[in-house]
Amino acid sequence: MTDIESFIARLPKAELHLHLEGTILPATLVELSARHDAHPMKLREAKAHYRFDDFTSFIEGFKAVTRRLVDPEDYELVAWHMMQRLAKQGVVHAEVYISVGVIYMWRNFDPRAVEPIFLALEKARERAERELNLSIYWIFDAVRHFTVEEAKRVFRKAADLKRHYPSIVGIGLGGDERRTGSEPFRALYAEAARAGLRLTNHAGETTGPEAIWEALSIGSERVGHVLSAIQDPALVEELKTRGIVLELNPTSNVRTGVCASFADHPLRRYFDAGLMVTINSDDPAFFGSDVANEYLLAHTVLGFTREELRQLAANSIRGSFLPERAKAEWLSRIESME
């Protein structure tokens, strides 16, 4: 490990844009297949699901992998593997998207489908707190190109379970924004806010800056990807003025073909403009880059200094939904780290 890699690994940081299902490595997919398939897949077959040429084929691969999550125990397994890898990277807190909309879809929209899976995830979360000193919050993610009624099911389940499980912190809206924007979900976002849920959104990944304006207009507190904001100086200024937390995912954008290269990503320009930038891995098993590697690429490709990497880590803590006291403790550790 080089000196800069060691520094990044020791740097306390949060990951704010991470999909649980996108952390499943091919080897784990083989393990899941052995549990459930009459003819278990080989590693070569599993790896085929992680090859894609564009955003659409990535979505298809993501769907194929999530089909292998059958039982609550499967979710507990992949969550624990994810948490172990996060801890090794110096991640001290993560706010993880669960594709609850997909859970419902694969289970014929059975209203009883989510609770057993969520309890299994909670077992992994509690173990991570005990054994890894890692805190985890959950964000229930709907799929925007499903119907509004299906999103309502996801968000209301989050509100219902949040009364008993404070680890459920917010809701999100993933999926293909080329097919459905944010506006149809305005009323659901207002309802979620009244229930005490925090509001995240995916916008400007495969669409123009108008999609980001729309996400802001329905109350989104944090926005993922935000790739196209750079096209609209007024939007960049609005994001800065409002202090909107940006969940950037550079390698993800490169691998899905919506950004030409890491060097072309607007991360550096957003940071220099004073925006509230965080960097994240999105779906590390698919994109071949975890959050520690995203920090390393920011340093080697975009010239982020150690102090700037420290600022990115501080942004990730400030942009999290952690209580203020916990934020202050982690920020103090980041500041004092040599």
Side-chain angles (χ1 to χ4, degrees), residues 8-20 22-23 79 82-83 85-87 89-98 121-122 124-126 128-129 132-141 158 162 165-174 192-193 196-203 215-216 219-226 239-240 242-249 252 267 270-271 274-282 284 290-292 294-295 298 308-337:
I8 291 168
R10 291 183 291 109
L11 187 61
K13 51 193 166 292
E15 178 144 29
L16 305 182
H17 193 110
L18 177 65
H19 295 270
L20 171 68
T23 69
M82 172 192 72
M83 293 165 188
R85 290 192 293 272
L86 287 172
Q89 298 169 66
V91 174
V92 296
H93 174 70
E95 297 180 357
V96 181
Y97 289 101
I98 312 168
L121 293 174
E122 279 290 277
R125 182 192 64 79
E126 291 167 358
E129 286 192 351
L132 304 174
N133 194 30
L134 170 67
S135 65
I136 298 287
Y137 285 165
W138 306 111
I139 298 174
F140 276 29
D141 198 30
K162 181 177 175 59
Y165 301 99
S167 59
I168 299 173
V169 71
I171 52 95
L173 198 58
L197 291 161
R198 309 301 294 269
L199 310 178
T200 75
N201 204 339
H202 291 51
L216 296 179
S220 304
E221 300 175 74
R222 288 200 324 230
V223 186
H225 295 288
V226 208
L239 293 168
K240 179 180 178 180
R242 293 174 56 174
I244 298 295
V245 177
L246 309 185
E247 305 165 359
L248 302 186
N249 310 278
S252 166
L267 161 63
Y270 290 163
F271 183 88
L275 274 60
M276 188 63 170
V277 168
T278 69
I279 51 175
N280 310 276
S281 65
D282 196 9
D290 57 26
V291 72
E294 295 297 282
Y295 275 74
E308 289 173 330
L309 294 178
R310 193 192 303 268
Q311 182 60 50
L312 287 174
N315 285 355
S316 73
I317 298 297
R318 291 191 181 98
S320 76
F321 297 136
L322 282 167
E324 291 303 316
R325 180 175 178 179
K327 289 184 182 183
E329 291 174 357
W330 284 120
L331 290 171
S332 176
R333 295 196 191 190
I334 291 171
E335 185 179 348
S336 62
M337 198 192 88

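Residues take their numbers from the sequence shown, with the count starting at 1.
- Judged by distance alone, the side chain of Asn280 and the main-chain N or O of Leu248 form a donor-acceptor pair under 3.5 Å.
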Worksheet item: Val226 and Ile244: side chain to side chain contact (heavy atoms under 4.5 Å, CB included), yes or no, with the steps?
Response: CA-CA 11 Å; Val226 208; Ile244 298 295; over 6 Å; no
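- For Arg10, the side chain to side chain contact (heavy atoms under 4.5 Å, CB included) partners are Ser6, Phe7, Met337, not counting sequence neighbours.
- Between the OH atom in Tyr295 and the CD1 atom in Ile8 there is a gap of 9.0 Å [rounded to 0.5 Å].
- Residues His19 and His202 approach most closely at NE2-NE2, 3.2 Å, considering heavy atoms.
- Between the side chains of Tyr137 and Ser320, no donor-acceptor pair is found at a separation under 3.5 Å.
- For the pair Arg85 (side chain) and Asp290 (backbone), a donor-acceptor distance under 3.5 Å is absent.
- Between atom CD of residue Glu15 and atom CG of residue Asp282 there is a gap of 8.5 Å, rounded to the nearest 0.5 Å.
- Taken to the nearest 0.5 Å, the CZ atom of Phe271 stands 10.0 Å off from the CD1 atom of Ile279.
- A salt bridge is absent between Glu329 and Arg333: the closest approach of a Lys/Arg side-chain nitrogen to an acidic carboxylate oxygen does not fall below 4.0 angstrom.
- Here the CG-CD distance, from Asn201 to Glu221, works out to 11.5 Å after rounding to the nearest 0.5 Å.
- Considering CD of Glu95 and CD1 of Ile139, their distance stands at 5.5 Å, rounded to 0.5 Å.
- Looking at Lys13, its side chain does come within 3.5 Å of a backbone N or O of Gln89 through a donor-acceptor pair.
- Side chain of Thr200 to main chain of Ile171: a donor-acceptor pair is present (N/O by atom type, distance under 3.5 Å, no hydrogens or angles).
- Partner Leu239 forms a side-chain contact (heavy atoms from CB on, under 4.5 Å) with one of Val223, Leu275, Val245 and no other, that one being Leu275.
- The shortest side-chain heavy-atom distance between Ile334 and Leu11 falls under the 4.5 Å cut-off.
- A 4.5 Å side-chain heavy-atom check between Met82 and Pro284 finds every atom pair outside the cut-off.
- Across all non-hydrogen atoms, the minimal contact from Ala215 to Ser220 is O-OG, 2.7 Å.
- Side-chain atoms of Asn315 come within 3.5 Å of backbone N or O of Val277 as a donor-acceptor pair.
- For the atom pair Ile136 CD1 and Glu122 CD, the distance stands at 10.5 Å (nearest 0.5 Å).
- Scanning both residues, His93 and Ser135, for their nearest heavy atoms gives ND1-OG, 2.6 Å.
- Shown here for Ile317 and Lys327, the closest heavy-atom pair between the two residues is O-CE, 3.5 Å.
- The backbone N or O of Glu247 sits less than 3.5 Å from a side-chain atom of Asn249, completing a donor-acceptor pair.
- Between the side chain of Asp141 and the main chain of Gly174, a donor-acceptor pair closer than 3.5 Å is present.
- At least one side-chain heavy atom of Leu86 sits less than 4.5 Å from a side-chain heavy atom of Leu18.
- In terms of heavy atoms, Glu335 sits closest to Arg310 at O-NH1, 3.7 Å.
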Worksheet item: What's the verdict on side chain to side chain contact (heavy atoms under 4.5 Å, CB included) for Arg222 and His17, showing C-alpha distance, side-chain angles and the deciding distance?
Response: CA-CA 10 Å; Arg222 288 200 324 230; His17 193 110; over 6 Å; no
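- The closest donor-acceptor contact from the side chain of Thr278 to the backbone of Ser316 lies at 3.5 Å or more, if one exists at all.
- Taking every heavy atom of both residues into account, Trp138 and Leu121 meet most closely at CZ2-O, 3.6 Å.
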